[in-house]
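Note on naming: letters A, B, ... go to the chains in the order of the sequence lines (proteins, then strands), and numbering restarts at 1 for each one. As the structure is a prediction and not an experimental result, all values here were calculated from the model.
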Amino acid sequence: MTKILKVLKGTKDILPQEIDMWHFVEKKADEVFSKYGFKEIRTPIIEVTELFSRGVGDTTDIVNKEMYTFEKSDRSITLRPENTAGVVRSYIENGMSRLSAPVKLWYHGPMFRYERPQAGRQRQFHQVGVEMFGIKQPTADAEVILMAVNFLKSLGLNDLDVEINSLGCPKCREEFKNKLKSVLKPYLSELCEDCQNRYEKNPLRLLDCKVETCKEIFEKPEIQEVIHSDFICDECAEHYTELKLYLDRMGVNYSENKLLVRGLDYYNRTVFEIKSNNLGSQNAVAGGGRYDSLVNQLGGEPTPAIGFAMGMERLISLLPKKEPKKLDGYIVSNFQTDAFLFAEELRHHGLNVEIDLTNKKFTKQLEKASKIAKYAFILGEDEILKHQVSIKNLEKGTQITVDRANCIKMLDL
RNA sequence: GCGCCUGUCGUCAAGCGGUUAAGACCUCGGAUUGUGGUUCCGAUAUGCAUGGGUUCGAAUCCCAUCAGGCGCCCCA
């Protein structure tokens, strides 16, 4: 037997019966984000590898071990693992810094990360996200978080937890890193291998570790003291306080999580995550934050920016299932030419209509109609002779016979 | 990369060393020569992921391979 080919590990077909959910989320994103003045942008799925190693940061797992990278005529090309870097590239390349700030962009599309798939995690997955450029004030942070919450609400997702944190700026972060390193130093040999690595490369991410022995060490009072110390500088603290003030006034429920550290190197100051309790271990539906140095780092004028991304698969898995849409009409007839012509006429008037292509028996055609359509349009011998059509409401079982010419007028049924 | 679990029809499954490999849904055909969605009848796996082994006998036990799922890590 010929071998059956299957989808690649970690990828999935989005089948017709679930496509309505995707359209729903995309439409809501457009609706809600447009209300805040965001415009959609579509950037390529492939970019030069350097964009991600420079943009996302080469100490991150994403860049280190999760990228789909290949060589093509001497260039190293990568399937985008996230879209902030791509949007920033486009912002710079298209001179959007000359536009009046803020520049507000949103996107949706597939991303690729080479990881072991599990619940809520695929190798090809889809994100919907936003980026806002040019505003350094915490009003931008507040608007973006507020919009994220409102978008989720518009989908019917109300009971999600919003967590926020401030990572400070490069200056205060450096100080914090050093403090953390010095207090952890005595325990260095007891930490897990990953943590020992992180200790050198990115101490902030130590706090994310889930290994029990590491967690225990982090519980020690002198370490807790550093973790919970308000290390951020006055300016950063003011920014953070103002953000919280806005969120309070806007009625956004949130909790502060000092351990919330993003795995992407480009974040500074505000970071946030939105989590659900109904997702299993991959419980973040949204993650985002401020990245004030990224534009400059990628060769643009220094431009403050903030954004977030949401996992579409995770969002959709939280939504109630939608019933598949039914066809407006199904033509039931053994006169195929007439059926064709009449179906076309109905289609020209905007209806979704199918006809039987195999000339099945009347009862079979009606049975099919009842399964997939709201109305059966019956064209039998009588109707053909009199230029009529019998319209049967398949839910109620009622039926009327009318002139075919009039039928069009009555189609607001 | 590491741990755990699982592979029986298109789908969901029963099966626990000897069965004709249940059942349900879907699909198709018929009862019903112009009235469906409720009813009734019938069809559909020489086959239990693949390859070895144990046994008189394997879907059932063992090993390997492959595939899928879940968890760690990380993230959306």
Side-chain angles (χ1 to χ4, degrees), chain A residues 1 3-10 12 15 17 56 59-66 81-84 108-129 148 152 192-195 197-198 202 205 208-212 214 260-264 267 271-276 279-288 307-318 326 330 332-335 358 360-384 390-399 401:
Chain A
M1 211 174 46
K3 191 182 167 196
I4 293 170
L5 273 15
K6 309 214 286 187
V7 284
L8 245 21
K9 186 198 277 280
K12 273 198 171 115
L15 297 167
Q17 58 264 32
V56 182
T59 69
T60 62
D61 281 2
I62 292 180
V63 170
N64 259 339
K65 45 191 190 191
E66 296 175 6
E82 57 97 56
N83 205 27
T84 296
H108 69 93
M111 309 294 159
F112 304 85
R113 288 172 11 191
Y114 189 78
E115 301 177 86
R116 274 300 277 280
Q118 67 188 63
R121 192 168 77 189
Q122 293 166 214
R123 288 180 175 181
Q124 180 182 161
F125 62 104
H126 298 76
Q127 286 187 333
V128 52
L152 294 168
C192 71
E193 202 183 319
D194 283 340
C195 281
N197 264 321
R198 294 191 192 105
N202 196 342
R205 234 176 293 147
D208 270 346
C209 190
K210 274 145 192 147
V211 176
E212 280 308 319
C214 296
L260 188 68
V261 180
R262 312 293 317 162
L264 289 77
Y267 287 116
V271 290
F272 64 98
E273 249 179 41
I274 302 178
K275 296 176 179 172
S276 163
L279 276 178
S281 65
Q282 308 302 323
N283 63 350
V285 289
F308 66 74
M310 300 187 179
M312 305 250 284
E313 282 84 356
R314 291 183 192 177
L315 285 179
I316 285 169
S317 74
L318 291 173
K326 281 200 165 178
Y330 193 87
V332 173
S333 177
N334 291 110
F335 300 86
T358 54
K360 281 200 191 38
K361 284 189 192 171
F362 184 88
T363 50
K364 288 294 167 193
Q365 289 192 33
L366 196 57
E367 189 183 334
K368 173 99 171 178
S370 74
K371 280 179 190 156
I372 66 170
K374 293 182 212 150
Y375 294 93
F377 292 88
I378 301 169
L379 290 178
E381 206 164 344
D382 293 351
E383 288 90 345
I384 298 278
S390 296
I391 304 172
K392 181 165 186 130
N393 181 322
L394 292 163
E395 272 151 46
K396 295 184 189 146
T398 55
Q399 184 172 323
T401 302

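- For the P atoms, the distance from B:A43 to B:C5 is 41 Å, rounded to whole Å.
- Within 6.0 Å of the CD atom in A:Glu381, the count of heavy atoms belonging to other residues, nucleotides or ligands does not exceed 12.
- Straight-line distance between the P atoms of B:G7 and B:U60: roughly 11 Å, to the nearest whole Å.
- Here B:C66 sits opposite B:G7 as a Watson-Crick or G-U wobble pair (both hydrogen-bonding atom distances under 3.5 Å).
- Looking at A:Glu273 and A:Val271, their side chains never come closer than 4.5 Å, going by heavy atoms from C-beta outward.
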Dump every N/O contact between nucleotides 48-50 of chain B and the protein below 3.5 Å, one line per pair.
none

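- B:C2: Watson-Crick or G-U partner is B:G71, with both key distances under 3.5 Å.
- Considering only heavy atoms from C-beta on, A:Pro110 comes within 4.5 Å of A:His126 through its side chain.
- In textbook terms, a nucleotide whose glycosidic angle is within 90° of 0 is syn, while B:G42, being further out, is anti.
- When the shell of 6.0 Å around CZ of A:Phe335 is examined, it contains more than 12 heavy atoms from other residues, nucleotides or ligands.
- A:Lys364 has its NZ atom 14 Å from the C1' atom of B:U33, to the nearest Å.
- If you take atom C1' in B:G34 and the same atom in B:A22, they sit 40 Å apart, rounded to whole Å.
- The shortest side-chain heavy-atom distance between A:Leu152 and A:Met310 falls under the 4.5 Å cut-off.
- Nucleotides B:G23 and B:C61 have their C1' atoms positioned 27 Å apart, rounded to a whole Å.
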Between the protein and nucleotides 68-70 of chain B, list every N/O to N/O distance that falls short of 3.5 Å.
residue	atom	partner	partner atom	Å
B:G68	OP2	A:Lys9	NZ	3.2
B:C70	OP1	A:Ala119	N	3.2
B:C70	OP2	A:Ala119	N	3.0
B:C70	O5'	A:Ala119	N	3.4

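- Here the straight-line distance linking atom CZ of A:Phe112 with atom CD of A:Gln122 works out to 11.0 Å at 0.5 Å rounding.
- When heavy atoms are screened at a 4.0 angstrom cut-off, A:Ala309 is found touching the sugar-phosphate backbone but no base atom.
- Nearest heavy atoms, A:Ser333 versus A:Leu379: OG-O, 2.8 Å.
- Remark: the separation of the C1' atoms in B:C26 and B:G17 is 34 Å, to the nearest Å.
- Comparing the C1' positions of B:C2 and B:C62 gives a spacing of 25 Å, expressed to the nearest Å.
- If you check every strand for non-hydrogen atoms under 4.0 Å, A:Gln399 touches a base.
- Each of A:Glu66, A:Arg113, A:Glu115 was checked for a side-chain contact (heavy atoms from CB on, under 4.5 Å) with A:Asp61, and the lone residue meeting it is A:Glu66.
- When the C1' atom of B:U35 is taken as reference, atom CG of A:Asp382 falls 13 Å away, rounded to whole Å.
- Figure legend. B:C40 is base-paired to B:G30; pairs are counted as Watson-Crick or G-U wobble with both atom distances under 3.5 Å.
- Counted by atom type alone, A:Lys361 and A:Thr363 present zero donor-acceptor pairs between their side chains at under 3.5 Å.
- As judged by a 4.0 angstrom heavy-atom cut-off over every strand, A:Ile378 is placed among the base-contacting residues.
- To the nearest whole angstrom, the two P atoms, one in B:A24 and one in B:C63, are 36 Å apart.
- Among the atoms of the strands shown, only primed sugar atoms or phosphate atoms (P, OP1, OP2) are found under 4.0 Å from some heavy atom of A:Lys360.
- Taking atom C1' on both nucleotides, B:A14 is separated from B:U54 by 26 Å, rounded to a whole Å.
- Atom OH in A:Tyr114 sits about 11 Å away from atom C1' in B:G1, given to the nearest Å.
- We find that CZ of A:Phe362 is positioned 16 Å from P of B:G29, with the value rounded to whole Å.
- Of the residues A:Val332, A:Thr401, A:Asp382, the one that meets the side-chain contact (heavy atoms from CB on, under 4.5 Å) test with A:Ser390 is A:Thr401.
- A:Asn334 comes within 4.0 angstrom of no nucleic acid atom, judged by non-hydrogen atoms across all strands.
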Can you name the atoms? Protein N/O to nucleotides 36-38 of chain B N/O, anything below 3.5 Å, with the distance.
residue	atom	partner	partner atom	Å
B:G36	O2'	A:Ser370	OG	3.1
B:G36	N1	A:Leu394	O	2.8
B:G36	N2	A:Leu394	O	2.5
B:G37	N2	A:Glu395	O	2.9

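- Looking at heavy-atom distances under 4.0 Å, A:Gln365 makes no contact with the nucleic acid at all.
- At least one side-chain heavy atom of A:Arg123 sits under 4.5 Å from a side-chain heavy atom of A:Tyr114.
- For A:Ser317, there are no side-chain hydrogen bond (donor to acceptor under 3.5 Å, both in side chains) partners, not counting sequence neighbours.
- The partner of B:U35, taking Watson-Crick or G-U wobble pairs whose two distances both stay under 3.5 Å, does not exist in any strand shown.
- Take A:Lys275 and apply the side-chain hydrogen bond (donor to acceptor under 3.5 Å, both in side chains) test, not counting sequence neighbours, and it matches A:Glu163.
- In this structure, the OH atom of A:Tyr375 is 17 Å from the C1' atom of B:U35, given to the nearest Å.
- Across the protein-nucleic acid pair, A:Ile391 atom CD1 and B:G34 atom C1' stand 17 Å apart, rounded to whole Å.
- Judged by Watson-Crick or G-U wobble contacts below 3.5 Å, the nucleotide B:U55 has no partner.
- Checked against side chain to side chain contact (heavy atoms under 4.5 Å, CB included), A:Lys6 has no partners two or more places apart in sequence or in another chain.
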